[in-house]
Amino acid sequence: MRSLLVGDEAFEAADELLNELHHQGGFVCTAAPAILPFLVEAAGSPRVSCRPQVLEILARLAGTAAVVAARFVAADWSGAWARARPGLLALLGDQDPAVRTGAIWVLREDTENPDEVAQALVAGWPDPDVSVRTDMLLALGSLAKRLSAAALPEVLVFLRDQGEGADTHHAMYATLALAKALPGRPIPTAPIIAGLTAEPVALPHSNLASRDPDHASGNVLRDLDRRNGEAVCLALLARPEQRLRVAGVNAAVKALLHARAPGLLSALRGCVETLDDPALALRILAAHARREDARDADLMAAHLDGPWANIALWGLAWSGDDRAVPGLLDLLARRKTGFTLYGQRTGKSGFWPSAPSLAELLTPCAPWANSLTPAISPHLHPDCADDLRRSVLETLAQWAATQTAEVARVVPELTALLERGEWGQAATVLGEIGPQAAHAAPELERLLGTGERRTLIEIAWAHFRVSGDPEPALQILGPRLGEDHHVSRRLGDLGPHATAHVPTLRLLAQALDHWTAHEAAHALIKITGDPGEGAHILIRPIAELLEGRPLPVASAAARALTGIDALSEGHLAIMGDVLADDRRHSYWGGVTAISEDLELRALLTQRLSRL
């Protein structure tokens with residue numbers, strides 16, 4: 001605190017205070033109410049050179065206190081905040097516009113007396129600085145959901161009047177504030193489109209809007225709900241200005257991570273050739289590419305020889321278009337493919353990862369296994385790079401289900417990997433091939449009971465799949481049931497041979513862990529042949545989708561349900577409701593947000609088509 005008064009130490013001191021008092025948030029520590037009056041005094045003192053940074057500390061703490069459960073907030077925070085409010089309200093009249101916007105940021109989070117804050121903001125309109133005016137409007141939109149019935153009408157009328165006013169910039173942000181104040185209600189999109197297409201306005205002191213005019217459109221669109229956001233996106237994608245089309249593409253991509261939006265997808269198709277850099281639009285179209293809907297194949301093929309060739313190849317490959325085969329053969333001949341050699345997963349905050357891994361790229365290419373397997377074979381050599389070999393083994397394991405004979409051509413290479421100690425993934429591929437990999441049975445038998453847990457499980461399962469002899473697998477997997485959900489998965493493939501383990505699997509099917517319950521329930525059905533043993537558990541992650549709670553296990557549950565003929569009308573109705581819901585049914589972000597949703601929908605559609 002003393003260092004805040006020392007010119008060359010002040011900013012570092014403010015940064016350290018933010019780290020100590022807030023860091024990544026989640027709670028308001030007991031030091032916060034003790035230091036609050038001193039921070040408010042510092043924010044109002046001209047002797048402190050970093051007053052906006054001090055106000056950021058207060059804003060972060062107040063924002064956390066407003067959203068976390070009461071048990072995570074220091075007991076005396078509420079009283080300290082009530083005592084601090086007058087000093088913070090006084091800062092709305094400070095001579096420094098950066099301090100005024102800082103105070104607005106803090107007061108926007110007020111949960112004790114938001115009416116007083118809103119009245120002060122309306123009374124202070126119009127401020128001479130455009131950054132302050134913008135933050136005032138946005139803060140009123142955020143405060144509205146906490147206002148009393150006495151204060152709310154005045155704020156809504158004020159925002160409506162500004163939204164209908166002559167100032168294009170104010171009208172846009174007032175309309176955006178109304179969208180926050182009245183979530184779920186349609187708003188006029190014309191003021192927002194007019195504001196985004198007008199001359200950009202710099203907001204050097206804003207904390208609630210983008211300071212950089214080039215990023216303003218992204219921030220504005222981010223804060224709109226789905227219906228209003230899509231309308232603005234479509235308008236931007238149709239604009240002649242390059243910056244506005246780019247803004248529309250960025251916003252459309254983010255929207256498509258959270259919901260299916262056929263209109264946005266069509267608009268992206270229509271503007272690809274008008275973009276100076278169409279990479280992002282091409283990626284989102286490639287992520288949607290499917291054999292059953294190859295409408296973008298020609299568009300992708302047109303870019304095969306350009307700077308975005310890898311994206312075009314990906315889109316063609318997922319479209320099932322034969323024009324991808326030469327490019328895939330060339331790709332597999334290289335030491336560096338241009339695609340990652342391991343899967344990447346992230347949340348839905350943005351479109352990253354923006355391309356699949358090599359194995360994810362190749363998995364839908366199973367129908368071309370006859371042409372591609374010889375190109376993959378050299379990468380199975382023990383001297384090949386480990387990451388590349390792992391990727392092609394992952395691919396072959398996926399292909400084996402539908403292209404068994406083609407994948408069986410590399411059984412000698414897979415057996416050689418077993419002999420060299422490359423056990424786990426090679427065993428997985430051999431197991432997926434099944435009896436056509438009988439040549440590897442002696443080597444798998446030699447390795448029974450060896451390796452780390454996952455490798456041990458895969459070898460035991462692969463030996464059963466290749467040889468048909470269940471006893472070694474039962475002896476190895478049975479005692480380990482419950483240690484790892486993969487044991488349940490592999491034990492279930494033994495079918496009636498594993499009947500003795502049904503009681504244990506019934507207990508595991510009641511587990512709180514989603515994967516444990518899922519694999520046990522699926523194993524029960526495969527062993528007993530009775531859907532009643534586990535279908536009610538498999539349907540749970542699908543039902544959770546209707547509540548907006550996607551789980552990583554949902555795709556596996558959909559795949560398992562596809563193989564079950566006798567499902568109740570209730571279960572089938574849930575599947576139909578999920579298909580009718582346009583939300584993106586995926587846990588992860590990036591490419592996976594789209595591919596996982598489309599795969600799940602295809603599986604549910606396949607199952608319902610058998611009615």
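Keep in mind that the numbers below use all heavy atoms, side chains included, and drop hydrogens, waters and symmetry copies.
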May I ask you to test the [X]-[Y] pair for a side-chain heavy-atom distance under 4.5 Å?
| X | Y | value |
| --- | --- | --- |
| L316 | D296 | no |
| H571 | S568 | yes |
| E596 | P550 | no |
| R226 | D582 | yes |
| V466 | P435 | no |
| I574 | L545 | no |
| H522 | R489 | no |
| Q344 | V591 | no |

With rounding to the nearest 0.5 angstrom, report the [atom1] to [atom2] distance, [X] to [Y].
| X | Y | atom1 | atom2 | answer |
| --- | --- | --- | --- | --- |
| T428 | L393 | OG1 | CG | 8.5 Å |
| T450 | L447 | OG1 | CG | 4.5 Å |
| R334 | L331 | CZ | CG | 5.0 Å |
| L332 | L362 | CG | CG | 5.5 Å |
| L328 | L313 | CG | CG | 4.5 Å |
| L236 | R243 | CG | CZ | 9.0 Å |

Is the [atom1] atom of [X] crowded by more than 12 outside heavy atoms at less than 6.0 Å?
| X | atom1 | result |
| --- | --- | --- |
| H215 | NE2 | no |
| E292 | CD | yes |
| R335 | CZ | no |
| Y587 | OH | no |
| D383 | CG | yes |
| K526 | NZ | yes |

[Y] backbone acceptor or donor facing [X] side chain under 3.5 Å:
| X | Y | value |
| --- | --- | --- |
| R584 | L256 | yes |
| H518 | I537 | no |
| R465 | G431 | yes |
| D597 | H585 | yes |
| T592 | W588 | no |
| R540 | A557 | no |
| H258 | K348 | yes |
| Q403 | A408 | no |
| T395 | S391 | yes |
| R583 | L546 | yes |

Evaluate side chain to side chain contact (heavy atoms under 4.5 Å, CB included) for F27 paired with T64, printing each intermediate quantity in order. CA-CA 6 Å; F27 66 96; T64 299; 5.5 Å; no

Parallel, tilted or perpendicular: which fits the ring planes of H485 and W515, with parallel below 30° and perpendicular above 60°?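 Correct class here is parallel.
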
For side chain to side chain contact (heavy atoms under 4.5 Å, CB included), just list the numbers for C365 and W318, CA-CA rounded to whole Å, side-chain angles, deciding distance to a tenth of an Å, and then say yes or no. CA-CA 7 Å; C365 300; W318 281 17; 5.5 Å; no

W368 six-ring centre to R291 NZ/CZ under 6.0 Å and within 45° of normal: yes

Over all atoms of both residues, closest heavy-atom pair of [X] and [Y]:
| X | Y | answer |
| --- | --- | --- |
| A366 | T402 | CB-OG1, 3.9 Å |
| A281 | V272 | CB-CG2, 3.9 Å |
| P503 | A500 | CD-O, 3.6 Å |
| M300 | A312 | O-CB, 3.1 Å |
| R607 | I564 | NE-O, 2.8 Å |
| L474 | A498 | CD2-CA, 4.0 Å |

Can you spot which of L341, L380, L372 makes a side chain to side chain contact (heavy atoms under 4.5 Å, CB included) with V392?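 Among the candidates, only L380 passes.
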
Side chain to side chain contact (heavy atoms under 4.5 Å, CB included) assessment of D277 paired with W308: CA-CA 9 Å; D277 182 357; W308 305 287; 3.3 Å; yes

Charged N-O contact under 4.0 Å between E230 and R227: no

Presence of salt bridge, R490 and D484, under 4.0 angstrom: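 Looking at R490 together with D484, the answer is no, because their closest N to O distance does not fall below 4.0 Å.
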
Donor + acceptor pair across side chains of [X], [Y] (<3.5 Å):
| X | Y | result |
| --- | --- | --- |
| R454 | H486 | yes |
| R290 | S319 | no |
| H514 | E519 | no |

Would H379 and E413 count as a side chain to side chain donor-acceptor pair (under 3.5 Å) if you check the C-alpha gap in whole Å, the side-chain angles of each, and the deciding distance to 0.1 Å? CA-CA 10 Å; H379 299 304; E413 288 88 343; over 6 Å; no

Show your working on side chain to side chain contact (heavy atoms under 4.5 Å, CB included) between L418 and L430 and close with a plain yes or no. CA-CA 10 Å; L418 291 178; L430 289 166; 3.4 Å; yes

